[in-house]
Amino acid sequence: MKRMMPCATRAFLWENDMSWQPNPLEEQRLEKLARLREAGIEPYPLRVERSHTTAEAIAAFEAAAEGDTVAVTLCGRLLSVRDMGKSVFADIADESGRVQLFLRRDDVGEEAHAHFRKLLDLGDFISASGEMFRTRMGEVSLHARGWTLLSKAISPLPVAKEQEVDGQVVRYSAFADLEERYRQRYADLAVNPEVRDIFRARARMVSALRRFMDDNGFLEVETPILQPLYGGAAARPFTTYHNQLKQELYLRISFELYLKRLLVGGYERVYEIGRDFRNEGVSFKHNPEFTQLEFYAAYWDYRDVMDFTERMLAAAARETLGTTTITFQGHTIDFGAAWQRLTMRDAIRQFAEIDYMDYPDATSLAKAIKDIGGEAPPNAPWGKLIDGLLGDFVEPRLIQPTFILDYPRDISPLAKSVPGDPLHVERFEFFIGGMEMGNAFTELNDPQEQRRRFEALQETFGKDDEERNPIDEDYLRAMRYGMPPNGGFGMGIDRLAMLLTDSRTLREVLLFPHLRERDE
RNA sequence: GACUCCGUAGCUCAAUCGGCAGAGCAGGGGACUUUUAAUCCCAAGGUUUUGGGUUCGAUUCCCAACGGAGUCACCA
């Protein structure tokens, strides 16, 4: 509803109906907040003492000699309380881990003890001071001599109970509703530590990729996201508008045409890690905005890029997970070995049992595809039919890392032709876990040929086809100054994160995946 | 965009054929000075996503809207 409303209506709602109304649990916490203030306790103090993280405190205790006291002040979020009356056990968690507090009335005083039991809630941030010790049950804990409120939580976090069984943490009634987890990712992260781990792994992975590029002499650059023309891929763009310039702009669908301009400028190896935007459908492997790594290397061809890709992904897996053998959705995938290399024609012959070279035009190929039970959209160009065969019959079978090379020329306007073969270009895509992971080619650097390819594309895709890219005259001008021969590469970072974190959908590796707006 | 399934307490889930909407956790009151899914006692918590319809009676059946999940389409 809301997304359909004109702005004036939305402003009205904003001012009138959309304000937060506390639920009964929140009312109770607001009452506790008031009582804390009455007792002279500031619920949101400015400054905080912390001597150790919880992990450091436990390590310091384990390292200390018998009988030495390890005095600490720890900070964290209250995640569990076991109230025994005159003594209380509680768990506080910080980013390094979790530690148990042991808090006795006789140690902290009657008032602090009562306030702890009656005015604190799960989700509150506190600090606690005392000495580390080991309980009778053997758990290294903090024997608290005092505590301080750091931040009062008004809304209850969906905290789950946990039990350790054979070293495995079993959680009961975990916060699991997918929609709420994505909409309220902050709550998801706060209560589901394994979700925090996914984004740590992703960060290690991106860092490893960046280091690999840097170590191989690539220069990291940033190119425009707001572009007057879009190109470099076949996708519908998002449009936006610059008020002062009175100019329609597109959010980029790829980095390609700008990065290759930089080769004209004299850089030999450039890369960019950033966001692309494609106005297309959403699925487990598609999000309207996604992160891409693209690089271009002068004097390389697509075989050099293949060799480099193998080494790059092995390094990413090794530095993210400590191994090049990963598990993805029940499959064991090996990044370490040399990858399989199959031409597109052989792959389709093998999996779809059709040799598209027997059908040299779109009409006869479409008929052949239908004869084997495949789908052939009307008016699709020849190359697109072939790519459809690959997607339907081959892609889901490519679990181990595989290069599919030599793509149809009519759908590859930026790649150089295979010598002596007018129908194919030196292009590969690579597939892992049944997903397309990236796309690369020996880049076309002949400006006249490039113009002919752009113009042919206008014919291939009809005038009304939204995938039809506008011709980028400035890109052609750049190429006329001379572009070194080069190999280029693009890869979906989010999909690689899926693989390395064994995530079933892209949404699990995006902190804030796109969801439809909802009236609250 | 199409089809299928789903939406019940803060969280996780029940509710038989259409017959008074329940439980665990969390929260509230109480007991307990080494517990760890603490335990025990008591009380409370609901516009069953929203709006219509059928019916004596709807969480349940029908229609629509909203949101989500899945499949497909789209995605060189």
Side-chain angles (χ1 to χ4, degrees), chain A residues 1-4 22-29 31-32 80-91 98 100-107 113 118 121-123 133-139 141 143 155-165 169-183 187 191 232-236 253-254 278-286 288 290 375 377 380-388 390-391 407-415 425 427 429 436 439 441 457 460-461 465-469 504-505 507 515-520:
Chain A
M1 285 294 283
K2 199 163 65 179
R3 73 208 149 89
M4 303 299 290
N23 68 34
L25 295 177
E26 291 166 334
E27 296 277 14
Q28 285 175 355
R29 289 183 178 215
E31 177 62 28
K32 290 178 183 180
S80 137
V81 175
R82 295 171 294 284
D83 184 354
M84 307 286 295
K86 293 188 183 65
S87 70
V88 183
F89 290 89
D91 294 338
R98 177 189 272 250
Q100 177 171 257
L101 302 185
F102 175 56
L103 186 129
R104 275 194 312 203
R105 190 183 65 177
D106 293 350
D107 298 325
H113 174 255
K118 294 299 159 194
D121 288 289
L122 302 191
F133 78 116
R134 193 182 296 275
T135 66
R136 258 179 227 162
M137 301 297 288
E139 180 166 350
S141 306
H143 192 148
S155 298
L157 274 176
V159 286
K161 291 232 168 182
E162 290 181 352
Q163 181 186 26
E164 210 164 293
V165 181
V169 175
V170 179
R171 200 165 311 136
Y172 301 84
S173 304
F175 182 50
D177 183 278
L178 290 177
E179 180 176 355
E180 292 308 322
R181 283 187 47 228
Y182 300 145
R183 285 193 194 279
V191 303
R236 279 184 281 169
I253 58 173
S254 85
R278 294 186 185 176
N279 210 336
E280 311 278 1
V282 178
S283 80
F284 77 94
K285 50 182 177 177
H286 297 269
F290 62 101
E375 305 242 349
W382 189 70
K384 199 159 176 173
L385 290 172
I386 293 169
D387 199 43
L390 189 82
Y407 271 60
R409 195 175 85 155
D410 61 343
I411 55 167
S412 311
L414 299 162
V425 292
R427 168 181 174 188
E429 294 192 335
E436 179 196 334
N439 185 16
F441 16 97
L457 206 65
T460 303
F461 296 94
D465 197 313
E466 286 170 290
E467 288 169 19
R468 193 184 61 125
N469 286 196
R504 201 171 49 85
T505 83
R507 288 183 288 266
L515 295 182
R516 206 182 285 269
E517 192 175 16
R518 183 175 68 177
D519 287 321
E520 296 287 342

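The chains referred to below are lettered A, B, ... by the order of the sequence lines, with proteins before strands, and numbering in each begins at 1.
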Shortest non-hydrogen contact from A:Ser87 toward A:Arg104: CB-CG, 3.7 Å
Atom [atom1] of [X] and atom [atom2] of [N]: how far apart are they, to the nearest Å?
{"X": "A:Arg181", "N": "B:G10", "atom1": "CZ", "atom2": "P", "value": "20 Å"}
{"X": "A:Lys161", "N": "B:C13", "atom1": "NZ", "atom2": "P", "value": "18 Å"}
{"X": "A:Lys384", "N": "B:C74", "atom1": "NZ", "atom2": "C1'", "value": "8 Å"}
{"X": "A:Arg104", "N": "B:C32", "atom1": "CZ", "atom2": "P", "value": "16 Å"}
{"X": "A:Lys285", "N": "B:A73", "atom1": "NZ", "atom2": "C1'", "value": "13 Å"}
{"X": "A:Leu157", "N": "B:C25", "atom1": "CG", "atom2": "C1'", "value": "14 Å"}
{"X": "A:Asp83", "N": "B:C41", "atom1": "CG", "atom2": "P", "value": "17 Å"}
{"X": "A:Asn23", "N": "B:G10", "atom1": "CG", "atom2": "P", "value": "6 Å"}

For [N], does either OP1 or OP2 sit under 4.0 Å from a side-chain N or O belonging to [X]?
{"X": "A:Arg136", "N": "B:U35", "result": "no"}
{"X": "A:Lys32", "N": "B:G28", "result": "yes"}
{"X": "A:Arg171", "N": "B:C25", "result": "no"}
{"X": "A:Arg507", "N": "B:A69", "result": "yes"}
{"X": "A:Lys118", "N": "B:G28", "result": "no"}
{"X": "A:Arg82", "N": "B:A38", "result": "yes"}
{"X": "A:Arg105", "N": "B:U33", "result": "no"}

Using a cut-off of 4.0 Å on non-hydrogen atoms, how would the nucleic acid contact of [X] be classed: base, sugar-phosphate, or nothing?
{"X": "A:Gln100", "answer": "base"}
{"X": "A:Gln163", "answer": "base"}
{"X": "A:Ala160", "answer": "nothing"}
{"X": "A:Pro408", "answer": "nothing"}
{"X": "A:Gly232", "answer": "base"}
{"X": "A:Leu515", "answer": "sugar-phosphate"}

Residue [X], side-chain atoms from C-beta onward, closest of [options]:
{"X": "A:Met84", "options": "B:U34, B:U12, B:U36", "answer": "B:U34"}
{"X": "A:Glu139", "options": "B:A76, B:U36, B:C75", "answer": "B:U36"}
{"X": "A:Thr135", "options": "B:U34, B:G10, B:C74", "answer": "B:U34"}
{"X": "A:Asp387", "options": "B:G24, B:A76, B:U34", "answer": "B:A76"}
{"X": "A:Arg236", "options": "B:C74, B:G28, B:A76", "answer": "B:C74"}
{"X": "A:Thr505", "options": "B:G70, B:U34, B:C32", "answer": "B:G70"}

Close aromatic pair by centroid cut-off 6.0 Å: A:Phe441 and A:Tyr407: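 No, ring centres 6.0 Å or more apart.
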Ion pair A:Asp410/A:Lys384, N-O distance below 4.0 Å: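 Salt bridge: no.
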Cationic N near anionic O, under 4.0 Å, A:Lys32 to A:Asp121: yes
Distance-only side-chain donor-acceptor flag, A:Tyr172 / A:Gln163, under 3.5 Å: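 Yes, A:Gln163 and A:Tyr172 have a side-chain donor paired with an acceptor closer than 3.5 Å.
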Parallel, tilted or perpendicular, as decided by the 30° and 60° cut-offs, for the rings of A:Phe102 and A:His143: perpendicular
Given RNA chain B, 5'-ward residue of the pair A:Phe89 and A:Pro158, judged by closest heavy atom: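 Of the two residues, A:Pro158 wins.
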